[in-house]
Asker: 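Before I ask anything, let me first share the structure, which is written out below as structure tokens.
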2 protein chains.
Amino acid sequence: MSATPSRQESQESRDEILRAASRLFASRGFHEASMSEIARQARVSKALIFWHFKSKEELFVAVIKRLLEPFSIDFATEAQELDEREQLKRLIELYVQFVRDYTGSVRFFLTRLLRDDPEQQGPASFTEQIRVLYENYRNLMVDLIKRGQEKGVCSRRLDAETAATFLLSTLNGLLVDVLFLRTPEASFGNILATLESVVFTQAPTASADPGTGCANG
Amino acid sequence: MSATPSRQESQESRDEILRAASRLFASRGFHEASMSEIARQARVSKALIFWHFKSKEELFVAVIKRLLEPFSIDFATEAQELDEREQLKRLIELYVQFVRDYTGSVRFFLTRLLRDDPEQQGPASFTEQIRVLYENYRNLMVDLIKRGQEKGVCSRRLDAETAATFLLSTLNGLLVDVLFLRTPEASFGNILATLESVVFTQAPTASADPGTGCANG
DNA sequence: TAAATTACTGACCGTAAGGTTAGCGCAATC
DNA sequence: GATTGCGCTAACCTTACGGTCAGTAATTTA
């Protein structure tokens, strides 16, 4: 805990910088987050940042990498013995949980996604990375629904692709509501239940469920 | 079309500036859009911008006002003789259409919404304005659903508030999909149909509808 | 037609940004 | 125990920003 630099403290200062940078990039965006401010918050000199990372852009990329880490859920091995219904529920739960836990990062991602101008970007671009991640999650969902439909657990009213899009859209929308418009989360559970009533067939495993699924006039 | 300024050309140059500013603010955000670049694109001197608007912030506000104009839909008078079912459909259609027509503005709004940090803002803030607009739209929807439920046109499986949240969430999610992730719009129609099957009771006015609403096992 | 006003510009200013450089103190290597 | 190199900083450089100002040619007012 002294001012004597060592191999190990180098790593620590690097981390400190990444933490400060994450915070600032997330709350202000790339351009409004200044290197001086990052340095101040990380309690190091600005020059040290440029010693660790050769440009602001490189620092940014490092931050992104770090934020993206928790996304790599090894879902396949995590929830193998559950049936399709429960696996799907768990997948949705993971999504909601992730957004809750990493709200800052999600905001950050969305901001970047929104800003990056349409099309024409290298395949290694940030937008592309996120799209791939999202696609993977989505594919997992499509597979689950397909298998669920084969076993009669999922409704066939929509094909799996459409059902997944529907599911994800509503989840994303809920996310937008809470994140952007700051709607109270009151109706959240209710809505998830409705969602489930759309993708699943009638519940075999009973749970606290007020509505009985299908209303007619 | 000469270089002679006149009362009328003042208005024209002002418009030119607003157009350029809209474009740049939308594509780059507030901070990355520089006054010099706006001036260049509007083909006027930077000083003229400061003659029309006393600061960058003021220019920005003027741009916002302009972008917000098309939002004021006088829906009430537009679709009075339709029944609740058709009115709701029309309301959804308007939303989708708006997002399609003003994608740039919507991106812009979202970016702002995302950036403005949580809470603590004057009630006249931009975020607040948009939230009010959104609330109005939402209330319209809630009212329609309530009336629809009374007349048996809308399903009672969800209370009107929750149903509206559900509807809007999915719409927003679809929007995010198309806007952020650039998912093909293929499944769009299918999903809207599903949405309708959730909020409405069984269709009295028949249309091309493959699924029969309720599947069991 | 002289004075005042309007619409406009080029040159300029202070500030803050991203980035560089010269060099410091400490730790390990020989 | 001198030398090498790592971790780090203060001070500096260049560039681009938002914004100002003095001035000018045309138009309106008198």
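Convention: sequence-line order gives letters A, B, ...; per-chain numbering from 1. Note that the coordinates shown come from a computational prediction; the quantities given were computed from them, not determined experimentally.
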Asker: From B:Glu58 CD over to B:His52 NE2, what is the distance, rounded to the nearest 0.5 angstrom?
Answerer: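 Nearest 0.5 Å value for the CD-NE2 distance: 12.0 Å.
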Asker: Measure from the side chain of A:Ser55, starting at C-beta and using heavy atoms only, and say which of D:dG7, C:dC8, C:dG19 lies closest.
Answerer: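 Of the candidates, C:dG19 comes closest.
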Asker: Could you tell me the separation between the NE2 atom of B:His31 and the P atom of D:dC17, rounded to a whole number of Å?
Answerer: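 Rounded to whole Å, this separation is 14 Å.
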Asker: Would you kindly give the NZ-to-C1' distance between B:Lys54 and D:dG18, to the nearest whole Å?
Answerer: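 It works out to 14 Å between those atoms.
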Asker: Hey, is the side chain of B:Lys46 pairing donor to acceptor with the base of D:dG18 inside 3.5 Å?
Answerer: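 For B:Lys46, whose side chain was compared with the base of D:dG18, there is a donor-acceptor pair (under 3.5 Å).
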Asker: What integer distance in Å separates B:Met35:CE from D:dT15:P?
Answerer: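 After rounding, the gap between these two atoms is 24 Å.
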Asker: Given C:dA17, D:dT20, D:dC8, identify the nucleotide with an atom nearest to the side chain of A:Ser34.
Answerer: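 For the A:Ser34 side chain, the nearest candidate turns out to be C:dA17.
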Asker: Please report the closest heavy-atom contact between A:Ala62 and A:Phe53, naming both atoms and the distance.
Answerer: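 Scanning both residues, the minimum pair turns out to be CB-CE2, 3.8 Å.
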Asker: Using a strict threshold of under 4.0 Å (side-chain N to carboxylate O), is an ion pair present between B:Arg147 and B:Glu150?
Answerer: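 Here B:Glu150 does not pair with B:Arg147 in a salt bridge, since their nearest N and O are not under 4.0 Å apart.
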Asker: Name the nucleic acid region contacted by A:Ala39, choosing base, sugar-phosphate or nothing; use a 4.0 angstrom heavy-atom cut-off, strictly under.
Answerer: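 No contact.
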Asker: Looking at every heavy atom in both B:Leu91 and B:Tyr137, which two are closest together, and how far apart are they?
Answerer: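 Smallest interatomic distance, heavy atoms only, reads O-OH, 2.7 Å.
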Asker: To the side chain of A:Ala47, which of D:dC6, C:dG18, C:dT20 is closest?
Answerer: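 Among the listed nucleotides, the one closest to the side chain of A:Ala47 is C:dT20.
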Asker: What's the closest nucleotide to the side chain of A:Lys56 if the choices are C:dG19, C:dT6, D:dG18?
Answerer: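 So the nucleotide nearest the side chain must be C:dG19.
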Asker: If only side-chain N and O atoms of A:Ser13 are considered, is one of them under 4.0 Å from the OP1 or OP2 phosphate oxygen of D:dG7?
Answerer: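 For D:dG7, neither OP1 nor OP2 has a side-chain N or O of A:Ser13 closer than 4.0 Å.
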Asker: Within the structure, does a side-chain N or O atom of B:His52 lie under 4.0 Å from either OP1 or OP2 of C:dC8?
Answerer: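 Yes, because at least one side-chain N or O of B:His52 sits under 4.0 Å from OP1 or OP2 of C:dC8.
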Asker: From D:dC21, C:dC8, D:dC17, pick the nucleotide closest to the side chain of B:Ser10?
Answerer: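 Given the options D:dC21, C:dC8, D:dC17, the side chain of B:Ser10 is closest to C:dC8.
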Asker: Can you figure out which of C:dA17, D:dC8, C:dC8 approaches the side chain of B:Leu48 most closely?
Answerer: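 Among C:dA17, D:dC8, C:dC8, the one nearest the side chain of B:Leu48 is C:dC8.
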Asker: What is the distance from atom CG of A:Leu167 to atom CD of A:Glu196, rounded to the nearest 0.5 Å?
Answerer: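 Output value for this atom pair is 8.5 Å.
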Asker: Tell me which nucleotide among C:dG18, D:dG19, C:dT9 gets nearest to the side chain of A:Phe50.
Answerer: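 That would be C:dG18.
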Asker: Rounded to whole angstroms, how far apart are CD1 on A:Ile17 and C1' on D:dG7?
Answerer: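 Those two atoms, CD1 and C1', are 11 Å apart.
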